[in-house]
2 protein chains.
Amino acid sequence: MHRRPTAKDVAEIAGVSRSAVSMVLNGRGAGNIAADKQTAVRAAAEQLGYTPDSVARSLRLQRTRTVGVVTDAIATSPFGGRLLEGAIAAAERHGYVLVVMDTHFDAAREEGAYRTLVDRRVDALLYAAMSYSRYRSPEVLQRTPSALANCVDSAGAVLGFVPDEVAGASAAAQVLVDAGHREVVLLAGDRQNETYDDLLAVPRREAGYRRALEAAGVRWQEPVRGGWEVRPGYEAALAVLQRDDRPTALLCGNDRVAAGAVLAACHLGLRVPQDVSIVGYDDDENFAAPMVPPLTTVRLPFREMGERAFEHVLALLADHDAPSPAGVGRGLEQSEVAVALECPLVERGSVAPPLTR
Amino acid sequence: MHRRPTAKDVAEIAGVSRSAVSMVLNGRGAGNIAADKQTAVRAAAEQLGYTPDSVARSLRLQRTRTVGVVTDAIATSPFGGRLLEGAIAAAERHGYVLVVMDTHFDAAREEGAYRTLVDRRVDALLYAAMSYSRYRSPEVLQRTPSALANCVDSAGAVLGFVPDEVAGASAAAQVLVDAGHREVVLLAGDRQNETYDDLLAVPRREAGYRRALEAAGVRWQEPVRGGWEVRPGYEAALAVLQRDDRPTALLCGNDRVAAGAVLAACHLGLRVPQDVSIVGYDDDENFAAPMVPPLTTVRLPFREMGERAFEHVLALLADHDAPSPAGVGRGLEQSEVAVALECPLVERGSVAPPLTR
DNA sequence: CTGAAAGCGCTTACAG
DNA sequence: CTGAAAGCGCTTACAG
């Protein structure tokens, strides 16, 4: 493993100075360097397989083209990867690279993560939450170009990219309304769980469901609260589906709950969707499409949150380098602390018109 | 946002030279710098919140304490995150940082990923596959300290950390044997899928199942092959459970298939585990524990693969810096191209003794 | 149009 | 025991 070629090596072969090779390779050759020397430089670089050392460049340019992403728990949900994929793809398109850290909800690890990222001179910071929640942005985020994904800043300083839950839930409920259902109950969990004490998706989904139902003149029934997993969904559905006034459709707070509901229907000898319609939420790849029957659900825009958050910091960086004339520009409006991304409805096989009784 | 403090700033406050602050802060002060000056340096650094610039350090030291990880598809499975978490945690413990890239099975993106990682002077490289498979290590991995996670190098050059599938499957089958089952059929998929043409888990799991069954004198039945998802599992189970010689237990190639089998049993009015026992594989957080009943399964050591692969490159790096006396050391044995990590059995509620008929 | 010099922020021999 | 100098590999004014 011999020494990597440097600009000096290229310069010697091409018979020019190091400055010349830098200019040529950075596209500033035209008008500065004679055409034949440019050719010589490119040839030499090619021959040697020369490519400039990023760390030297970073030191000189005072920017690393690296963005740090800290996440509360990549692996908690099947979605973390998608968010990361979106951010990675966007970074790749722009010649950036991501260093990712994971805090597992540990404040000390989080602080450490920010510190090492800052020491490593990342150009910008991203914070991503696995569940749609509130996040109090630490000071470092506020003085560095940054963005949040799947959470909103309770300090109101950093822009967050989040799912448009109320529109999504509204669309989910509308599917049921359109199919003719009048007896619909919502199966959901609490606003808190072990790791988040304020799950924003909960009230927003409920608001969306309720809005669509009430707009169609469908009676809003008190939600049945179990939890967010398969088993609570199973148990809640088991109870609801044995009531005298059994609903014709179940609106489930997420796809896991919906999967539990499918199982419960099955245990009660009820067919889905003929006897009971079920709609989920999340488009969880593990539960929605693979279910029997495949679930009608609403897709959470994880990939998009990652992409958009990355692109936002890129814009911030650009403003930074070239502030717009009047000092205004793409800067944040005071009101605009989050942008809501579409949650598209995905219709599959778990909804049918209600049986006329 | 004012200028970050540099060693020079600290030196001025402390009244020493820049070299002195470097020495002190790197723990080489003792015996070189007077005690009171050491104190002064530390105080000044503290006061300024000084912390050395990693990129300058990287340039000077010619190592970045960064390792590049390229993965075929982080988000394809719920496991990708766990592997990454393991690697990130190990990196964090050693003051390293990970830059992660994702190729989505695209050869051009993969090549690009390695190139940018090399340009960025990562100290080592990790390649992680989402399904246990073969990987032909590119040349760059062979001339850089590196390791594979969840795949084995078909070129035999780079050490891979993989699950011990045969032992795991053997344990899964043994649970059934111990419970008294004699009629067991395996529900599984093919050795290929859309993205991998050689899924190593398949033959190994089958070998493990078979070994345990035959050792116990249980007849080995031809596996029923559907696929690796819930629906194929459902369909295969539906067929098998309606046979005249209905087995008393189903050994499922993974937890999704097992979930499908649970659903099929339910549709046929068969109780799990009383009428039919089911065991899965993977300990898929989405399907195993949350299932009704919770699945007995085998855990895939994703976190461990990430950790061990990282630690391996660390060891390689150490050898690199300080080659062992005789030139030998922790180098790879010719035979040792992969280390198999334990897949622990996790017993839950889907296995019971067979009904005596 | 081109090359020599300075400097990004560090660390490590090397003189004193 | 301490400071001045060199140098990691680049890029960008600045002289010529």
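Letters A, B, ... are given to chains in the order of the sequence lines, protein chains preceding strands, and every chain is numbered from 1.
- Taking only side-chain nitrogens and oxygens, B:Arg57 comes nearer than 4.0 Å to OP1 or OP2 of C:dT11.
- Ring orientation note: the planes of A:Phe310 and A:Tyr96 are nearly perpendicular, at an angle over 60° on the 30°/60° scale.
- Taking only distance into account, the side chain of B:Ser17 never meets the base of D:dA4 through a donor-acceptor pair shorter than 3.5 Å.
- Note: CD1 (B:Ile33) to P (D:dC1) measures 9 Å, nearest angstrom.
- Closest contact between the side chain of A:Pro52 and the listed nucleotides D:dT12, D:dC10, D:dA4 involves D:dC10.
- Crowding of B:Arg93 atom CZ: a count of heavy atoms from other residues, nucleotides or ligands under 6.0 Å exceeding 12.
- Closest to the side chain of B:Asp53, from the set D:dT12, C:dG9, C:dT11, is C:dG9.
- Comparing D:dC10, D:dC8, C:dT12 by their nearest atom to the side chain of B:Leu59 picks out D:dC8.
- Looking at A:Val67, A:Val122, A:Leu84 one by one, the single match for side chain to side chain contact (heavy atoms under 4.5 Å, CB included) with A:Leu98 turns out to be A:Val67.
- Residue A:Gln62 has a polar side-chain atom (N or O) positioned under 4.0 Å from OP1 or OP2 of C:dG9.
- Within the nucleic acid shown, A:Thr6 comes within 4.0 Å of sugar-phosphate atoms alone, with no base atom in reach, counting heavy atoms only.
- The side chain of A:Ala7 sits closest to D:dC10 out of D:dC10, D:dT11, D:dC8.
- The side chain of A:Val16 has C:dG3 as its nearest neighbour among D:dC8, C:dG3, C:dC10.
- B:Lys8 comes within 4.0 angstrom of nothing in the nucleic acid, heavy atoms only.
- Between the C1' atom of D:dC1 and the CD atom of B:Gln38 lies a distance of 11 Å, rounded to the nearest Å.
- Using a distance-only test at 3.5 Å, with no hydrogens or angles considered, a donor-acceptor pair links the side chain of B:Arg109 to the main chain of B:Asp102.
- Across all strands shown, C:dC1 pairs with D:dG16; the Watson-Crick or G-U wobble distances both stay below 3.5 Å.
- The distance between atom CZ of A:Arg18 and atom C1' of C:dG3, rounded to the nearest whole Å, is 11 Å.
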